[in-house]
Participant: 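If you scroll down you'll find the structure; I have some questions about it.
In each ligand, atom 1 is the first atom listed, and ligand 1 is the first ligand listed. Hydrogens, waters and symmetry mates play no part in the numbers below; they use all other heavy atoms, side chains included. As the structure is a computational prediction, the values presented were derived from the model and not from experiment.
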Amino acid sequence: MTNIADMKLAELRDSLKEKKVSSLEATDAYLSRIEKAKSLNAFVIDTPDKARAMAKSADQKLAKGEGGALEGVPLGIKDLFCTEGEQTTAASHILEGFKPRYESTVTANLWRDGAVMLGKLNMDEFAMGSSNETSYFGNVINPWRRNDGGNTDLTPGGSSGGSAASVAGRLCAAATATDTGGSIRQPASLTATVGVKPTYGRCSRWGIVAFASSLDQAGPIAQDVRDSAIMLKSMAGHDPKDSTSIDCPVPDYEAVLGQSVKGLKVGVPKEYRLDGMPAEIETLWAQGIEWMKDAGCEIVDISLPLTKYALPVYYIVAPAEASSNLARYDGVKYGHRADDFNDIQSMYENTRAEGFGDEVKRRILIGTYVLSAGYYDAYYLRAQKVRKKIFDEFTDAFNKVDLILTPSTPSAAFALGEQSADPLQMYLNDIFTVTGNLAGLPGASVPAGLDKQGLPLGLQLLARPFDEETMFKGMYALEQAANFTAKPTEWWS
Ligand code: GLN
């Protein structure tokens, strides 16, 4: 019999319902894989006792023919989601020891539907990064390696590096992730997984450690499009506790998979053709355009001239919001407090100096600067105005097209350490993804091919706000055409 942990989420879900396997068996299969895959450093906390208890309770429900949409399915949870009674750190020293007394709405929705928690996944500190190298708990290693016979450790991308690596390494059936500027789609692209950032407001942000509140969205990283559709259905939904969560019904995304994309208009923005982009990415993009054409879509050349302002705008808005959100970590209420201080001021200072890593400090400094009285108008206010124009530009584009097709990332997985000394180079990783966050659009990355080094590359689809259904149809069509079957060789266990 094949290892239960090799099943896709959909297959596992069905096998559980048909009682061909039990949740406890599936959970144990994953726990043993997690144990053997310590070298990937994908999990920061394992919760085996909780996992087995949740699995047993799921098995009782399944035995009676009861249970929710994910009954008994074992998942990994990005350590940005508050989990009641289980340490939640956002991969930061400053939150070490913090055990929330509440559960994030997204994870609560997953448990409501019967899912099992295997543990908490590594990530960039406070979700700031594109390589998972800013984590206080050390970097995550991408299960994928170059085909050069060497053993260079590559990044799984970030900030949801643990989510992507654990799904690519089959350490969980699927994982939760978050995306503020690309942190679901970029790691998905670098690990040949499917990553979905839904429309801003589709998933509740309540109980997710805040980075940049007007950009943050939760979404799944999964093995294929169907699995991501199943995950999103359970994660999404209106939540009165989050005033930016939108009260509209959550469609059955799985039901639209396989529906024809004939006649859909797919936009191809010329500004996403970058100087110096690897030729293989160009080729793959052209291939993706052909696939969509073959599936009956009409390809439309579009122009999004403000694209060049997206990263500068993001690196004003995101740090501004972060500097405000992270003001709460001062050693009083949460996690770490410095031992060495002589008054309240030095307690704050020493706690924050010890507790935050360099990238987080850099963001707080930038954010405080752009919000300061003398610079607010010149930077923050201007960035907000350009953000609105970027939104308008997408609104115009979506009057002409139903979907936009682009590469997900400007490169394949790079070596650990290769970009960490140069923050600006690191920020370029999100060049194709940040616009989706600035405009609040749904976006997804689907594995589409391998480069010469044998590393995966993804293609991105963007859709109109709250039109994830059309996006899922397009994703499925891409997935069918790409027929991506490559898997990383299992060197880590
Ligand atoms: N890489 C981007 C950043 O560092 C985006 C991160 C994210 O989406 N959480 O801010």
Participant: State the atoms of ligand 1, each with its element, that fall below the 4.0 Å cut-off from a heavy-atom position in Gly181.
Facilitator: 5 (C), 7 (C), 8 (O)
Participant: Relative to the heavy atoms of Met128, which atoms of ligand 1 are at a distance of less than 4.0 Å?
Facilitator: 4 (O)
Participant: Taking ring pair (Phe, Tyr, Trp, His ring centres under 6.0 Å) as the criterion, tell me which of Tyr375, Tyr315, Tyr380 meets it with Tyr369.
Facilitator: Tyr375
Participant: Under a 4.0 Å threshold between the charged nitrogen and the carboxylate oxygen, would Glu393 count as salt-bridged to Lys389?
Facilitator: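 The answer is no: the pair does not qualify as a salt bridge.
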Participant: Angle between ring planes, Phe356 versus Tyr329, binned at 30° and 60°: parallel, tilted or perpendicular?
Facilitator: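 Because their plane-to-plane angle is over 60°, the rings of Phe356 and Tyr329 count as perpendicular.
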Participant: Note the single closest protein heavy atom to atom 3 (C) of ligand 1, along with its residue, its atom name and the distance in Å.
Facilitator: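 Nearest neighbour among protein heavy atoms for atom 3 (C) of ligand 1, to 0.1 Å: Tyr315 OH, 3.2 Å.
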Participant: Do we see a donor-acceptor contact under 3.5 Å between the side chains of Ser445 and Ser408?
Facilitator: yes
Participant: State whether Lys197 and Asp179 are salt-bridged, where the test is any N-O pair (Lys NZ or Arg NE/NH1/NH2 against Asp/Glu carboxylate O) under 4.0 Å.
Facilitator: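 Result for this pair is no, no salt bridge flagged.
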Participant: Which of the numbered atoms in ligand 1 are under 4.0 angstrom from any heavy atom belonging to Ser159?
Facilitator: 9 (N)
Participant: Distance under 4.0 Å to a non-hydrogen atom of Ala127: what atoms of ligand 1 satisfy this?
Facilitator: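 Counting atoms of ligand 1 from 1, those under 4.0 Å from Ala127 are 6 (C), 7 (C), 9 (N).
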Participant: Under 4.0 Å from a heavy atom of Tyr314: give me the atoms of ligand 1 that qualify, with their elements.
Facilitator: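 Counting from 1, the qualifying ligand atoms are 2 (C), 3 (C), 5 (C), 6 (C), 10 (O).
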Participant: Considering only the protein, which heavy-atom contact is closest to atom 1 (N) of ligand 1, and what is its distance?
Facilitator: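 That would be Asp430 OD2, 2.4 Å.
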Participant: With a 4.0 Å cut-off on heavy atoms, is Tyr427 in contact with ligand 1?
Facilitator: no
Participant: Within a distance under 4.0 Å of any heavy atom of Ser130, pick out the atoms of ligand 1 and give their elements.
Facilitator: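 Taking each heavy atom of Ser130 in turn, ligand 1 has 1 (N) under 4.0 Å.
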Participant: Taking the basic N atoms (NZ, or NE/NH1/NH2) and the acidic carboxylate oxygens, is any pair closer than 4.0 Å for Asp377 and Lys385?
Facilitator: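 Between Lys385 and Asp377 there is no salt bridge, as every charged N stays at least 4.0 Å from the carboxylate O atoms.
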Participant: Hey, which atoms in ligand 1 end up nearer than 4.0 Å to a heavy atom of Phe211?
Facilitator: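 Here the atoms of ligand 1 in question are 9 (N), 10 (O).
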Participant: With nothing but distance in play, are any N or O atoms of Thr180 less than 3.5 Å from an N or O of ligand 1?
Facilitator: yes
Participant: Students should be able to answer this: which protein heavy-atom is nearest to atom 7 (C) of ligand 1, and at what distance?
Facilitator: Ser183 OG, 2.4 Å
Participant: If you measure from each heavy atom of Arg363 to ligand 1, is any distance below 4.0 Å?
Facilitator: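 Right, Arg363 reaches ligand 1.
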Participant: Considering both backbone and side-chain atoms of Asp179, is one of its nitrogen or oxygen atoms within less than 3.5 Å of a nitrogen or oxygen in ligand 1?
Facilitator: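 No; every N/O pair is 3.5 Å or more apart.
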Participant: As a test of understanding, state which of Thr433, Asn429, Thr409 forms a side-chain hydrogen bond (donor to acceptor under 3.5 Å, both in side chains) with Ser189.
Facilitator: Thr409
Participant: What are the two closest non-hydrogen atoms of Thr199 and Gly440, and how far apart are they?
Facilitator: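 For Thr199 and Gly440, the tightest heavy-atom pair comes out as CG2-O, 3.3 Å.
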Participant: Give a yes or no on whether a salt bridge exists between Asp392 and Lys388, defined as a side-chain N under 4.0 angstrom from a carboxylate O.
Facilitator: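 Here Asp392 pairs with Lys388 in a salt bridge, since their nearest N and O are under 4.0 Å apart.
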